[in-house]
Protein chains: 2
Amino acid sequence: MSPAQFFKCLSDETRLRCVALLQKQGKLCVCELTTALDLSQPKISRHLALLRQCRLLLDTREGSWVYYQINPTLPDWAFPILANVLTAVEMTGQFQTDLERLHKMANRPDMAMCS
Amino acid sequence: MSPAQFFKCLSDETRLRCVALLQKQGKLCVCELTTALDLSQPKISRHLALLRQCRLLLDTREGSWVYYQINPTLPDWAFPILANVLTAVEMTGQFQTDLERLHKMANRPDMAMCS
DNA sequence: TATTGATATACGTATAATCATATATCAAAA
DNA sequence: TTTTGATATATGATTATACGTATATCAATA
């Protein structure tokens, strides 16, 4: 992936919020991202597909749920930037709201697993 | 400027090459960027105008020449990212070529100033 | 002031991105 | 199996980007 391609991935607010959440939380499934960002499922899914096709994200299916995470085999130059991305996005009120919605979320897959 | 807007500025290869060169060299005029990138003047100018409108770049006119530089009053989160951008872009062969064309350039404004 | 060199903008077009809505797939449970 | 919940994709409309070419502006100089 070229640097310009990489930045194009981050140039859309929806994708940026997804990437920042994943950078902070490690692994999240589609329904968690949908709830956290309060956007339609197809919209989230399309953006995740883009990020997956660029190899910025990896997906792993666990039963019905598909978990996404930052691809740990990105080029070396990408990781410091992702760290700075999180720092930048954490300063926005939007991101704090996203985190709150994520944490308040009932029926999270993790919880379901435990029951 | 929002983080997503900032990354959109960096998501085009022409703009990214301009920003990386400016990050490395401090200040360059349009004709230097045009020569370094080996692209048409209107194309460079239009991209620089975009970056200027987003306040990522500042321009200062000195006689006929217009110099561009990274805006030193960007939000704090932007500078570490710009530093990492340069590191990433410096690894590309394209950037090395751009730098060579810049340095080999005859009739640079700086030189003209001295004559 | 006429000209020239440097830079900026206008315009039409081609391509790409984004979106909402509808529908398809896929795995678990009934 | 049928159903249900989670996720993905298709479609068509809308909007945004990027481009080449032509032209305008602006400052220096003749």
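Protein chains get the first letters and strands the later ones, always in sequence-line order, with residue 1 at the start of each.
Checked against ring-ring contact (aromatic ring centres under 6.0 Å, His included), Phe6(A) has the following partners two or more places apart in sequence or in another chain: Trp77(A). For Asp98(A), the salt bridge (Lys or Arg N to Asp or Glu O under 4.0 Å) partners at least two apart in sequence or on another chain are Arg17(A), Arg101(A).
Listed pair Tyr68(B) / dA8(C) meets the phosphate criterion, a side-chain N or O lying under 4.0 Å from OP1 or OP2. Taking 4.0 angstrom as the limit, Tyr67(A) places none of its side-chain polar atoms (N or O) nearer than this to OP1 or OP2 of dA6(D). Remark: Arg52(A) is in phosphate contact with dT9(D), judged by side-chain N or O atoms under 4.0 Å from OP1 or OP2.
Side-chain atoms of Asn71(A) come within 3.5 Å of backbone atoms of Arg55(A) as a donor-acceptor pair (strictly under, hydrogens ignored).
We find that NZ of Lys8(B) is positioned 9 Å from P of dA16(D), with the value rounded to whole Å. Taking atom CG of Asp59(A) as the reference point, atom P of dA6(D) lies 18 Å away to the nearest angstrom.
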Would you be so kind as to tabulate the donor-acceptor pairs closer than 3.5 Å made by side chains of residues 79-86 of chain B, with sequence neighbours excluded?
{"residue": "Asn84(B)", "atom": "ND2", "partner": "Pro80(B)", "partner atom": "O", "Å": "3.2"}

Can you build the contact string for nucleotides 19-30 of chain D? Use B for base contact, S for sugar-phosphate-only contact, and - for no protein heavy atom under 4.0 Å. BBBB----SS--
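Within the structure, the side-chain hydrogen bond (donor to acceptor under 3.5 Å, both in side chains) test picks out the following pairs touching residues 38-47 of chain A (sequence neighbours left out): Arg15(A)-His47(A). Every pair passing salt bridge (Lys or Arg N to Asp or Glu O under 4.0 Å) that includes a residue from residues 74-95 of chain A is listed here, sequence neighbours excluded: Lys24(A)-Glu90(A).
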